[in-house]
Amino acid sequence: VQLQASGGGLVQAGGSLRLSCVASGPIRSISAVGWSRQAPGKQRAVVATIASGEGANYADSVKGRFTISRNNAKNTVYLQMDSLKPEDTAVYYCFFIAEQIYWGQGTQVTVSS
């Protein structure tokens, strides 16, 4: 099973983007899904997660601006990003946590000032 992320691009500060991540096949026993990001010269960091049966959690830097959601029937997770800032510029990776961790290939988000 592979994860395919899409929706990245170039946007001006204050704009919005919606990232999508879909699994190519069924994944059993998913305990959580989420998004992380890696900016140039920085370590990858988790920005949002949803654990099965629980609510969403966000990094402090994106609270109130990003919204994570999932569609279990479609094996898809989304990240709605509003009020984007230049510091949100990074490669965004989706992940599914099940019996192993599945990672998407990354999608570039660039926010211009």
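- Summarising the geometry, atom OG belonging to Ser31 is positioned 10.0 Å from atom CD belonging to Glu99; distances are rounded to the nearest 0.5 Å.
- Phe95 and Trp103 have their aromatic ring centers within a separation under 6.0 angstrom.
- Listed for the Asp88 side chain is no donor-acceptor partner under 3.5 Å among the backbone atoms of Val109.
- Shortest non-hydrogen contact noted between Arg37 and Ser61 is NH2-OG, 3.4 Å.
- Residues Arg18 and Met81 fail the side-chain proximity criterion, which asks for heavy atoms closer than 4.5 Å.
- Between atom CD of residue Gln12 and atom OG1 of residue Thr110 there is a gap of 13.0 Å, rounded to the nearest 0.5 Å.
- Under a cut-off of 6.0 angstrom, the local environment of CD in Glu87 is crowded, with over 12 non-hydrogen atoms contributed by other residues, nucleotides or ligands.
- Side-chain contact check for Thr76 and Asn71: no donor-acceptor pair (N or O, by modelled atom type) lies under 3.5 Å.
- With hydrogens and angles disregarded, a donor-acceptor distance shorter than 3.5 Å links the side chain of Tyr58 to the backbone of Ile68.
- A cation-pi arrangement is not found for Arg70 relative to Tyr78, the charged atom failing to lie both closer than 6.0 Å to the ring centre and inside a 45° cone about the ring normal.
- With hydrogens and angles disregarded, no donor-acceptor distance shorter than 3.5 Å links the side chain of Ser113 to the backbone of Pro86.
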* After noting the C-alpha distance and the side-chain angles of Cys21 and Tyr93, does the key distance pass the side chain to side chain contact (heavy atoms under 4.5 Å, CB included) rule? -> CA-CA 9 Å; Cys21 175; Tyr93 299 89; over 6 Å; no
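- The salt bridge (Lys or Arg N to Asp or Glu O under 4.0 Å) test applied to Lys85 returns no partner, not counting sequence neighbours.
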